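The structure appears right after this line, and notes come after that.
Quick note on labels: first sequence line is chain A, next is B, and so on, each numbered from 1. Side chains are part of it too, since the values below use all heavy atoms of this structure and drop only hydrogens, waters and symmetry mates. Because the structure is predicted, anything quoted here is derived from the model rather than measured.
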There are 2 protein chains.
Amino acid sequence: MSEPASITPNRHLTSKEHLRLWLRLLRTTRRVESELRERLRLQFNTTLPRFDVMAALSRHPDGLKMNELSQQLKVSNGNVTGIISRLVEDGWVERIAIEGDRRATRVLLTRAGTEQFHQMAQAHEHWVDELFSSLSSQETHHMNELFAHLPTEAGPEPDSPESTTQGDTP
Amino acid sequence: MSEPASITPNRHLTSKEHLRLWLRLLRTTRRVESELRERLRLQFNTTLPRFDVMAALSRHPDGLKMNELSQQLKVSNGNVTGIISRLVEDGWVERIAIEGDRRATRVLLTRAGTEQFHQMAQAHEHWVDELFSSLSSQETHHMNELFAHLPTEAGPEPDSPESTTQGDTP
DNA sequence: GTATAAACGTTTAGGCTTGAAATACTTTTC
DNA sequence: GAAAAGTATTTCAAGCCTAAACGTTTATAC
């Protein structure tokens, strides 16, 4: 209490509203996510992380290094190892050695994996469309534009002139 | 393939746009979430789930049954058990037996836990405000309204007259 | 009054997630 | 060409998460 000066970017006016928006965003996202998760489980016996990995791989038919994959998905390196291992067990992904560099491997979808993914992707698109069906085309478009203002990519805050905000964590 | 009639609520026109919006929503949420998670870790040595639990408890000074808690947070029953156990170890939460019903327990914040939470909540609000600082008050308000159209609460889809969508998973 | 059902919380098995440490290989440097 | 530095991946410990299986305890039915 006692009015921390120059701490809030917007002079503690929008603070509550931003919080409200964030909570709403979070609730909505979690709701949709858990719906998708459950449907993936029931209808394809798979998980959202697996789906995400397969989606990334499907965008790169020549395969990706584990490295690149974890960067694309913005998850930790060690995390991807486990997911890929299970996908390999299921026969949907294969690891291929890279010539000239025995440290790295390239991972890519098998033919079966590609087919499986296409089916899942189709269902996934329908589900999302259904879950967002209460938004008109206009509203969807509008919202998409508003989101463009928000930070989606990692990296330091847009900028901070003399931000004494919460300083110094070395 | 072959035009599945009456499958897409909006006649497969908005489908791609809905998908686009969903992906953006997801990216933004994850970005903010991971930022908050990291700050909570660095500055308070805690986690987002712990914070969420403490927030829920702080709204109920008289405590909640494990039951009610997991419902409020919309997470599984067993999940809450572990989080509460760790919070109890840290001295921020206590379990109190309920008279007349030896099945249930009431959990509530200790005095220390309440104080700790207030500090975290204050920082949390600042962080969110900062992360959303690129949205004007108007935009924030507008967005909040658009979200009202979206399904945030669990439950069956808004309605589905003769939805043959993906039917029957008993 | 006892059998049965319902409610409550924990435990368990399996998977996701991170950050840190370990391992294995490659390139650079001297 | 051996040591050092760097790169790519895996392993590990700890925590989060779910669905399902389990014990208790309480309520309901007969």
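OP1 or OP2 of D:dC16 sits under 4.0 Å from a side-chain N or O of B:Thr47. Taking side-chain N and O atoms only, B:Arg95 has a distance below 4.0 Å to OP1 or OP2 of C:dT10. B:Arg50 has a side-chain polar atom (N or O) that falls below the 4.0 Å cut-off from OP1 or OP2 of D:dC16. Between B:Arg41 and D:dG15 there is no side-chain N or O to OP1 or OP2 distance below 4.0 Å. Phosphate contact (OP1/OP2 of C:dC8, side-chain N/O of B:Lys65, threshold under 4.0 Å): present.
In the interface, the side chain of B:Arg103 is not paired with the base of D:dT24 through any donor and acceptor atom under 3.5 Å apart.
Using a 4.0 Å heavy-atom criterion, one finds that B:Arg37 contacts no nucleic acid atom at all. Across all strands shown, B:Asn67 has heavy atoms under 4.0 Å from sugar-phosphate atoms exclusively, and none from any base.
Aromatic pair B:Phe51/B:Phe117: ring centres closer than 6.0 Å.
Ranked by how close their nearest DNA chain C nucleotide is to the 5' end, A:Gly78 and B:Met66 are led by B:Met66.
Using a cutoff of 4.0 Å between basic side-chain nitrogens and carboxylate oxygens, A:Glu68 and A:Arg106 are not scored as salt-bridged. Ion pairing between a basic and an acidic side chain is recognised when a charged N comes within 4.0 Å of a carboxylate O; B:Arg111 and B:Glu115 show no such pairing.
Between A:Leu26 and B:Thr29 the shortest side-chain heavy-atom distance falls below 4.5 Å.
Rounded to a whole Å, the CG atom of B:Leu48 is 14 Å from the C1' atom of D:dC17.
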